Amino acid sequence: MQSPARLAVRRFFRRPAAVIGLVVVAAFVLVAVLAVFVAPFDPIATSWTTIRKAPSWQHWMGTDENGRDVLSRVIHGARASMLAGVVSVAIAAGIGVPTGLLAGFARGKTDMVIGRVADAMLAVPFLVLAIALAAFLGPSLRNAMVAIGVTAAPVFMRVARGATMDAATNEYVEAARALGNPAWRVAVRHVAPNIVAPVIVQATLAIATAIIAEASLSFLGLGQQPPSPSWGSMLNSAQRFLSQAPWLAIFPGAAIFLAVLAFNLVGDGLRDALDPRGK
Amino acid sequence: MGGFLGRRLALVLPTLLLVSILVFGLQQLMPGDPALALAGEERDPLVLAQIRTELMLDRPLAVQYAHWIGRVVQGDLGVSWRIRMPVARLIGEKLPVTAQLGFMAFVIALGIGIPAGIVSAVNRNGFLDYAANIVGLAGLSTPNFWLGIMLILLISVNLGWLPPSGYVSLAEDWRQSLATTIMPAFVLGNAIAAILMRHTRSAMLTAMDQDYVRTARAKGLREWRVVIRHAFRNALVPVVTLGALELGTLLSGAVLTEQVFSIPGFGKLIVDAVFNRDYPVVQGVVLVTATIYVGLNLLADVLYVLINPRLRVA
């Protein structure tokens, strides 16, 4: 007899695409954490003798308009992206999961009020709301993460609400209620563990969305501020030198693409592994 | 149908009311005094006091909101702090540009996404299915502003086929207009094509498992006829409605695409407003975008009922 978690892990590792995604995600996280040791140069040190040099043995991804090593900036940029992905999803889940649990468990008026607020937030296209929030909060990586986190919260609320309503119909929940447990205890002890799987899947896919959103905000100048490197802001300045130094646009964009693709592959793999219909 | 519409409208109104509170609340997040931001270099206390009175900043929040929403429902979204023009007029000028871009993007997305989804479903678990899935996932993972930059690099800088930026309206010169918008429309349509492909594939797989498809095959119809006339016609229902919901993705995408290709549309308006700290424009754009989105959702629901006779009877 195997536990459902172990079965899910086994199913996940049976999918080559998901495993490749996981390896790439692990590589990005490792590079982000060890950026200081991995990067060959200081990412913000300018050098007037190496301005816009094409990729070479010394500078694998070339240098930018201030003579900074692009590879080192891409490596340090991974930090901003991974941090933004994880922190904003933590904010989104921190707001969305408890409110979704509450809405799905309490039902009635509470559900209606929470549902309407989520509807209103979902009515504004994701990036438009994130831009507006980031604009009013002021441009910085921290505010960008808050803006993305708040904007993504209603999606988590919906996922948690649906899973809660599903789990609440189980017999053991009825039994826990019948035994006289207070409602909060039934919700936290008996229902909450059952919504973990869909929330994990949603979180993985949301990290991919958050990485694109952070890059988008930084591209617009509303995220990480110069001279600190971020993939989005690197692409913004690369636009001015497209014909003279195309490598400035190719590498940071490829990094975003790879990181997002890897999180999407892991998310898809997790969904298939945790979905009971996939058994 | 009337009752259904009534019920849906009853849900839309509170949503829009909450959106308006959200948009109004944005202003409260602004660090510092809005009057100072509006006054710019001016620090004269008399001028500041006048601005506060004009904008009712010295009144309670509820009064400010009531005053603001009262004007909004009459179509008055305020005046741009930057260029002193009514926000509603500014939006009215920019909206057709984004609408043209969005329409072209949607046509491109339909043209790529639906055939790819059908081919994928017909070749379930085959090479074409895997290839379409990989391309679809890659499309979803590509930030559209990067795709835009790469296309400019390839098609405009290296090949010199299309202009890298700018916009010419359809009325001015339709050929130039298409030349300036085809690349951004492709960029914008790319992510939606990937989503539509996924929806079409799953709707087709469901449809192809149905009895009527088996019957059509048993009658000896050719496979393409079974796929197109019987399966696809039924798969179209969820695809149309889910597709309509992707118009929100389109509006989000337009913000970045218009920035990359310097297209003076709705998306560029909000970005410029953000950098000029032109908050009434930011609020106006968010409110109008949400209203459009809610309206499209409603339209999608109505379409769903109209093209699905079973729901019409119910």
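Quantities reported herein were computed from a predicted structural model and do not represent experimental measurements.
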Peer 1: Tell me, for A/A259 versus chain B, whether the close heavy atoms (under 4.5 Å) come from the side chain, the backbone, both or neither.
Peer 2: neither
Peer 1: Could you tell me which portion of B/A138 (side chain, backbone, both or neither) has an atom closer than 4.5 angstrom to a non-hydrogen atom of chain A?
Peer 2: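 B/A138 touches chain A through backbone and side-chain heavy atoms alike.
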Peer 1: What part of B/V282 gets within 4.5 angstrom of chain A, counting heavy atoms only: side chain, backbone, both, or neither?
Peer 2: side chain
Peer 1: Name the region of B/V19, side chain, backbone, both or neither, that has any atom closer than 4.5 Å to a heavy atom of chain A.
Peer 2: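 Contact with chain A: backbone and side chain both.
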Peer 1: As an exercise, state the distance from CG of B/L153 to OG of A/S243, rounded to the nearest 0.5 Å.
Peer 2: 9.0 Å
Peer 1: Could you give the distance from CE (A/M112) to CG (B/L11), rounded to the nearest 0.5 Å?
Peer 2: 9.5 Å
Peer 1: Does A/A249 offer a backbone N or O that forms a donor-acceptor pair with the side chain of B/W146 under 3.5 Å?
Peer 2: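 Flag set: sc B/W146 to bb A/A249 pair under 3.5 Å.
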Peer 1: Could you tell me the separation between the CD atom of A/Q239 and the OG atom of B/S165, rounded to the nearest 0.5 Å?
Peer 2: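 The OG atom of B/S165 is 9.5 Å from CD of A/Q239, to the nearest 0.5 Å.
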Peer 1: Just so I understand: if I count every heavy-atom pair under 4.5 Å between each of A/L265, A/I212, A/N264, A/I250 and chain B, which residue has the most?
Peer 2: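 Most heavy-atom pairs under 4.5 Å with chain B: A/I250.
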Peer 1: Locate the shortest heavy-atom distance separating A/A132 from B/L26; write the atom from each residue and the value.
Peer 2: CB-CD1, 3.9 Å
Peer 1: Give me the atom names and distance for the closest heavy-atom approach of A/A135 to B/Y279.
Peer 2: O-OH, 4.0 Å
Peer 1: If you tally heavy-atom pairs under 4.5 Å against chain B, which of A/D119, A/L235, A/L258 wins?
Peer 2: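 That would be A/L235.
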Peer 1: What residue in B/L251, B/L147, B/V260, B/L17 has the most heavy-atom pairs under 4.5 Å with chain A?
Peer 2: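 Between B/L251, B/L147, B/V260, B/L17, the count favours B/V260.
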Peer 1: Take A/F136 and B/V274 through the test side-chain contact (heavy atoms from CB on, under 4.5 Å) and record every step on the way to the result.
Peer 2: CA-CA 8 Å; A/F136 279 94; B/V274 161; over 6 Å; no
Peer 1: Just wondering, more than 12 heavy atoms not from B/F275 lying within 6.0 Å of its CZ?
Peer 2: yes
Peer 1: Working note: A/M121 + B/L18, criterion side-chain contact (heavy atoms from CB on, under 4.5 Å); need CA distance, chi angles, decisive distance, verdict.
Peer 2: CA-CA 8 Å; A/M121 289 179 74; B/L18 280 168; over 6 Å; no
Peer 1: Identify which of B/M150, B/Q259, B/Q283 forms the greatest number of heavy-atom pairs closer than 4.5 Å to chain A.
Peer 2: B/M150
Peer 1: Give the minimum heavy-atom separation between B/F145 and A/S216, together with the two atoms involved.
Peer 2: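 Taking every non-hydrogen atom into account, CE2-OG, 3.4 Å.
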Peer 1: At a 4.5 Å cut-off on heavy atoms, which part of A/N236 comes close to chain B: side chain, backbone, both, or neither?
Peer 2: neither
Peer 1: With chain A as the partner, which of B/V294, B/I152, B/L256 has the greatest number of non-hydrogen pairs under 4.5 Å?
Peer 2: B/L256
Peer 1: Which heavy atom of B/I149 sits nearest to which heavy atom of A/F219, and what is that distance?
Peer 2: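 Closest heavy-atom pair between B/I149 and A/F219: CD1-CE1, 4.0 Å.
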Peer 1: Return the minimal non-hydrogen interatomic distance between B/T15 and A/A123, and the atom names on each side.
Peer 2: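 Result for this residue pair: CG2-CB, 4.4 Å.
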Peer 1: Tell me if the CZ atom of B/R82 is crowded by more than 12 foreign heavy atoms within 6.0 Å.
Peer 2: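 It does not: B/R82 CZ has 12 such atoms or fewer within range.
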Peer 1: Which one wins on heavy-atom pair count under 4.5 Å against chain A: B/L137, B/V271, B/I134?
Peer 2: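 Top count of heavy-atom pairs under 4.5 Å with chain A: B/L137.
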Peer 1: Which region of A/L129, side chain (C-beta onward) or backbone (N, CA, C, O), has a non-hydrogen atom less than 4.5 Å from a non-hydrogen atom of chain B, or is it both or neither?
Peer 2: side chain
Peer 1: When rounded to the nearest 0.5 angstrom, what is the spacing between CG in B/N158 and CG in A/L242?
Peer 2: 8.5 Å
